[in-house]
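Heads up, the thing below is written out as structure tokens.
The first residue of the sequence shown is numbered 1, and numbering continues consecutively from there.
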Amino acid sequence: MSPLRFLFSLFVTGFLALSCGHFVRGADAVHQYYIHPDVQGRALDVKMSDYLKKHLQRRSETSLLSRDGIEVAVHVADDFGGDFGFSRLPGGGYLLRAKDERTMIWLVYQFIKMAGKADGNITTDDLPPLILSGRDTVVTFPFEYRDIYMPTNQNPDMTLLLALHNLEMDWGIWGHNLSRVLGSNGDQSFGFQNMDQSLFAKGADGVVHQNQFCFSSDKLLELTEKYIMDQYGDGLKYPLKMTIGPADNDWVCLCRRCESAGNTKTSATPAVVAFVEKLAARFPGHTFFIPGYSTTKALPDHRLPANVGVFLSAIDYPRAWHSEDERSQQFFRELERWQQITDTVYIWDYICNFDDYLTPYPILYVMQERLRQYREKGVKGLFLNGSGYFYSMQQEMYSFLLAQLLIDPDADIERMVKEYYADAMPNVGQFYSSVVLSMEEHARRSALELPLYGGMEEALRTYLFDRNFREFYSVFLRANAMEMTHRERVIYEKTRQFVSFSFLEMCRIHGLGSGGFAELVGDEWVVKPEVWSAVEDLKIMTPEDDLWILTDNENAAPDHMDRVNEQGVYVADYENEVELWLAGSAWSRDVLLRQPLLVRYEGGSERTTKLTDAVAGISQNYHWGWQVFPQKDLVIELPADVLAGKSGEFSMSFLNSERHRMSPPKAVEIWADDRNVGVLRKEGLADYVDEGEKVTFRGPASFGRPERIELRIVPSYTHDVGIDEIYFK
């Protein structure tokens, strides 16, 4: 029996008993504390001892402060050789030390968490798991910069509580947003034609690319210097970090000055580095970074100034446990090369499936191993790119635990997961932690690469096990009737909405097969009741007053809570299309239903039933029911024996999406043997769109007794084509 199957059986038999009790935090005895500055009169010691007193007391209805209580001394200074220190005082109390106020705030809450474990009257269920061991220790954080791009870390209070950094607090210019420095001179509402054209990149043919910059432009340098001085000063008193990089596309400026600097068709590194070095000389108090990514992936040919570093993207480093393939080795070779020319290397890593924020994504063990490697290699900082402002599955738990791993890459993940759910969900947390840990363990044991941009098929191939997930989903739905706190109910309902999406996509992957979305009743395919229930669960809305429970941010925007992916597709848009597809039963009376088709294209061929499995494509993501093929020489061979002697209408749909480089063809020709017997043409205008659109082609056909029937694609672009279903009725 697999670990996950065992935990399901354990949960079913033990859940009722668990939910009828109450979680006990610790002993019933109430401890009191005498909290004071370690150095009387020292401003920061006084401030932070008062902070600890205030925030400890507000978590209990019983008085916790007394001069006769356990002594706690608070000291803020960088005179002890670490980022924080925790030690016992001779009389049995504690000394808390931190190098700065920001670190002390984190240490205060760690101490409160420790106090809460010993005293059930102190509420700590909203705090991250405990790292402090209770033993004397002085710790230097392995990374000087630690950032997690998830909703929880959008709240500055949570940034401090988790000992994290935050791009809004710690950075001036960030990433690809150089356009913000242009002010009214670069406001797109004025029209690019009214702007100084010297700001923009030029191709080898002299054509201006207004979505990319010329980093040899004197005007761009002037505007950037003015912006930094106006917004952030010279950096000598208040230093900040700045990332300066090209817009996120493949264009490279090849004007005379950029070519002279060393730019090539694929590398903007020379001009970008020269631009950044001028800024670094002008503002020696600030630290500037160039992105090690895309057109600035190539290394400079010289050592960088002391206040210039690199933000190296780990996008090509496979997210897999114990990955040692050539891509991994190449990434670390590249890291070592950067470290030879700069002392400041930060890593930009990725912790989500950016095409699917809703399906569970077991990243903890994988990321723990990566953090250990980064620590050993001397990496100075980490930016973990997650779902940003959009809520993703269990994002609070992942934010809490990843923040702890950034401080201690050797922390016990199993203990932290169990502790988090025991606090956050006293009635159903054991079930949650068991499922999370089981998926994490599967990802670790399989050592398969987690998809960075993938759909349900990729998830099922790597870490999500079909049968286990269905068992989890079934038991999870029954948990609805159990006792829950208000916090638990909010987390449960949001999880229910998200796993219903995963369940639907899993059923759609299987089409009309075992585990699919419909069942055969007589001679008719009928949508399963549990599939309709999942569609209804997608409509769950989180009350605005409860958003803070899911994000730790009282200013969380409702608009950010129900997005499917990085592209920002709404759950409601997905649900609407699925509901219309199921209600329409377009598969009824389809002559081609479940028939295998042969698809031929330049360089290959394949036999598939995915084009006749009744699963309609959802317009805004190519993973959702679309089969992708190259347009060139694309021919679909239909079963001539099935269509012989029949008349009817063909219909088939294509995905139109510039973002995914997919477009519908000009037309689809119908061929019987060597004769063109008809054509399918698109309905509507169907211009080439960015966000995703389904374009349907229709046309009549009649057949005698041909030996071969084909649909031949007349291509429109060199892009791929996405097809969902082919019907003949």
Side-chain angles (χ1 to χ4, degrees), residues 4-5 8 353 355-361 393 435 439 451 454-480 495-521 524-540 562 564-565 569-588 590 593-594 608-627 653 655 694 722-725 727:
L4 189 55
R5 289 176 60 80
F8 286 129
N353 178 354
D355 275 341
D356 183 356
Y357 289 157
L358 279 59
T359 299
Y361 193 73
M393 171 66 84
V435 172
M439 289 185 180
M456 181 54 65
E457 287 185 319
E458 287 83 357
L460 289 172
R461 282 198 298 266
T462 53
Y463 70 90
L464 199 61
F465 294 83
D466 191 305
R467 184 173 179 179
N468 286 351
F469 183 86
R470 289 174 188 271
E471 289 177 338
F472 151 64
Y473 183 67
S474 175
V475 176
F476 180 80
L477 294 181
R478 296 202 293 276
N480 184 47
T495 309
R496 179 167 182 158
Q497 180 189 38
F498 278 25
V499 295
S500 294
F501 166 85
S502 304
F503 175 72
L504 276 172
E505 276 303 290
M506 193 172 287
C507 291
R508 282 165 45 82
I509 288 292
H510 292 291
L512 298 176
S514 176
F517 72 91
E519 55 192 350
L520 198 58
V521 179
E524 182 180 1
W525 288 98
V526 177
V527 178
K528 295 175 181 178
E530 59 266 32
V531 170
W532 281 120
S533 296
V535 172
E536 289 302 309
D537 285 340
L538 286 182
K539 301 176 183 179
I540 294 173
D562 295 295
V564 179
N565 52 24
V569 175
Y570 286 97
V571 174
D573 290 341
Y574 171 88
E575 179 271 324
N576 287 338
E577 286 198 50
V578 169
E579 192 166 27
L580 288 171
W581 158 61
L582 293 173
S585 301
W587 56 84
S588 62
D590 176 24
L593 191 65
R594 306 190 80 186
T608 179
T609 57
K610 290 290 187 179
L611 300 179
T612 58
D613 63 355
V615 177
I618 306 302
S619 66
Q620 298 183 69
N621 194 313
Y622 69 95
H623 296 296
W624 298 339
W626 300 97
Q627 300 302 297
S653 296
L655 180 61
K694 180 185 288 191
I723 310 172
D724 62 348
E725 285 292 291
Y727 300 110

For E458 versus P451, what's the shortest heavy-atom pair and its separation? CB-CB, 3.9 Å
Looking only at side chains, do D562 and Q497 share a donor and an acceptor under 3.5 Å apart? yes
Could you check T359 against M393 for side-chain contact (heavy atoms from CB on, under 4.5 Å), going step by step and ending with a plain yes or no? CA-CA 7 Å; T359 299; M393 171 66 84; over 6 Å; no
With no hydrogens and no angle check, is any side-chain donor or acceptor of Q627 less than 3.5 Å from a backbone partner on I723? no
Side-chain contact test, heavy atoms from C-beta onward, threshold under 4.5 Å: evaluate it for N621 versus N565 and give yes or no. yes
Check: S653 main-chain N/O paired with E725 side-chain donor or acceptor under 3.5 Å: no
Do R470 and C507 have side-chain heavy atoms sitting under 4.5 Å apart? yes
Hydrogens and angles aside, do S500 and R496 bring a side-chain donor and acceptor to less than 3.5 Å of each other? no
For residues I509 and D466, determine if any side-chain heavy atom of one lies less than 4.5 Å from a side-chain heavy atom of the other. no
A518 and L512 have their tightest heavy-atom pair at CB-CD2, 3.9 Å
Please check if the side chain of K610 supplies one atom and the backbone of G625 the other of a donor-acceptor pair under 3.5 Å. no
Enumerate the salt bridge (Lys or Arg N to Asp or Glu O under 4.0 Å) contacts for residues 569-578, please, sequence neighbours excluded, ordered by first and then second residue. K539-E575
Minimal non-hydrogen separation, D613 against F517, with atom names: O-CE2, 4.0 Å
Applying side-chain contact (heavy atoms from CB on, under 4.5 Å) to S585 and W587, what does each step give before you reach the verdict? CA-CA 5 Å; S585 301; W587 56 84; 3.8 Å; yes
R508 side chain vs V578 backbone, donor-acceptor pair below 3.5 Å: no
Would V531 and L504 count as a side-chain contact (heavy atoms from CB on, under 4.5 Å) here? Give the steps. CA-CA 7 Å; V531 170; L504 276 172; 3.6 Å; yes
Begin from the C-alpha positions of F476 and F503 and carry the test side-chain contact (heavy atoms from CB on, under 4.5 Å) through to its verdict. CA-CA 12 Å; F476 180 80; F503 175 72; over 6 Å; no
Can a donor-acceptor pair be found, under 3.5 Å and without considering hydrogens, that links the side chain of Y463 to the backbone of P360? yes
Quick one: are M439 and L464 in side-chain contact, heavy atoms under 4.5 Å? yes
Using atom types as modelled and distance alone, determine if a side-chain donor or acceptor of E471 lies under 3.5 Å from a backbone N or O of N468. no
Could you measure the distance from the CG atom of D537 to the OH atom of Y473? Nearest 0.5 Å is fine. 5.0 Å
Using distance alone, with no hydrogens and no angle criterion, decide if D356 and H623 have a side-chain donor and acceptor under 3.5 Å apart. no
Go through F501 and F498 one step at a time and tell me if the ring pair (Phe, Tyr, Trp, His ring centres under 6.0 Å) criterion holds. CA-CA 5 Å; F501 166 85; F498 278 25; 8.3 Å; no
Minimum heavy-atom separation for A614 and L593, please, with both atom names. CB-CD1, 3.9 Å
Do W624 side-chain atoms and E505 backbone N/O form a donor-acceptor pair below 3.5 Å? no
Between W626 (side chain only) and I618 (backbone N and O only), is there a donor and an acceptor less than 3.5 Å apart? yes
Using modelled atom types only, decide if a donor and an acceptor are shared between the side chain of S533 and the backbone of P529 within a distance under 3.5 Å. yes
CG on L477 to CD on E530, rounded to 0.5 Å: 10.0 Å
